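Take a look at the structure set out below.
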Amino acid sequence: MTKDEIFEFFRRLAEDNPAPETELEYGNAYQLVVAVALSAQATDVGVNKATRKLFAEVETPEQMIALGEEGLKEHIKTIGLFNSKAKNVIALSQMLIDEFGGEVPDTRDALVKLPGVGRKTANVVLNCWFGQETFAVDTHIFRVGNRTGLARGKTPEQVEAKLEKRVPQPFRLHAHHWLILHGRYICKARVPECWRCPVVDLCAFKQKVLQPPASRAKAPK
DNA sequence: ATCCCGAGGG
DNA sequence: CCCTCTGGAT
């Protein structure tokens with residue numbers, strides 16, 4: 001995509017959704033870190049279902065430690081990878097207490113030291129809570145970047161580096177959300193809904209799906 | 001059978 | 001680089 005096409009790409013996504021937000025539910029920075037750490041290989045809907053009850057009881061790292069690893073597992077059993085996530089969230093909470101005064105740090109270097117927090121999760125926290133112009137490349141953004149030609153790369157880090165270079169102002173702060181929501185609801189993994197895509201004419205994808213698949217609804221016998 | 005706002009370990 | 005962790009939705 002050319003510079004002008006990239007600008008137009010985001011202009012249209014912004015027009016459809018002027019103030020995009022995370023669909024993860026949280027009440028403070030700590031809960032955001034936990035929610036994002038829980039979201040690996042899980043849907044936001046599934047994570048919210050579990051955290052709704054969890055976050056009513058747990059608002060601080062101290063309260064999470066009090067709940068304990070087994071108690072936490074009961075809350076997140078319906079989410080994938082719950083054993084390792086429970087262990088990480090407890091360890092992460094303890095580290096916040098011991099090394100960060102119970103507060104969520106505002107730098108990527110510090111965030112990545114937390115167990116269960118990698119570059120992607122750190123970028124989400126920096127963007128959503130601290131308002132930094134980071135580009136957290138998750139499965140959706142990786143797919144959308146590569147498909148459209150906006151930002152291609154073999155690894156999420158490569159895609160992130162290209163977004164960092166190419167996404168212009170005034171779109172940098174919300175680019176992360178526009179791309180993720182676009183990937184979740186239109187540029188889907190299995191069948192991208194190109195027939196209703198607002199940027200289809202700017203997209204380089206060779207296998208565009210320009211018509212809705214025929215309905216699978218069975219005809220009455 | 002495939003995918004979901006990945007990270008850690010080998 | 002690869003593998004493993006994992007339930008729920010489609």
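What you see is a predicted model; the values in this text were computed from it and never measured.
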*asked:* Applying a 4.0 Å non-hydrogen cut-off, can you work out what A/Pro156 is touching in the nucleic acid: base, sugar-phosphate, or nothing?
replied: nothing

Checking C/dT6, B/dC4, B/dC5 against the side chain of A/Asn83 (C-beta onward), the nearest is C/dT6

- Message: Is it the case that the side chain of A/Asn146 and the backbone of A/Arg152 share a donor-acceptor pair, with hydrogens and angles ignored and the cut-off at 3.5 Å?
- Response: no

Base, sugar-phosphate, or nothing: which does A/Lys49 touch, judged by heavy atoms less than 4.0 Å apart? sugar-phosphate

*Check every strand shown and say whether A/Thr121 touches a base, only sugar-phosphate, or nothing at a heavy-atom separation below 4.0 Å.*
sugar-phosphate

- Task: Under 4.0 Å between any heavy atoms, over every strand shown, what does A/Lys85 touch: base, sugar-phosphate, or nothing? Just pick one.
- Result: nothing

Using a 4.0 Å heavy-atom cut-off across all strands, classify A/Val117 as base, sugar-phosphate, or nothing. sugar-phosphate

- Message: Mind checking if A/Val124 touches a base, just sugar-phosphate, or nothing, with heavy atoms under 4.0 Å?
- Response: base

For A/Ala151 and A/Leu163 the tightest heavy-atom approach is CB-CD2, 3.7 Å

note: A/Phe135, atom CZ; B/dG6, atom C1'; distance rounded to Å ~ 20 Å

Does a donor on one side chain sit under 3.5 Å from an acceptor on the other, for A/Asp106 and A/Gln132?
-> no

Describe the nucleic acid contact of A/Ala42 in one word from base, sugar-phosphate, nothing, applying a heavy-atom distance below 4.0 Å.
base

Regarding the side chain of A/Ser84, the nearest nucleotide among B/dC4, C/dC5, B/dC5 is C/dC5

Notebook entry, point to check: Distance between the P atoms of C/dG8 and B/dG8, in whole angstroms?
Noted result: 24 Å

**Request:** Quick one: label A/Gly118 by what it contacts on the DNA or RNA (base, sugar-phosphate, nothing), any heavy atom closer than 4.0 Å.
**Result:** sugar-phosphate

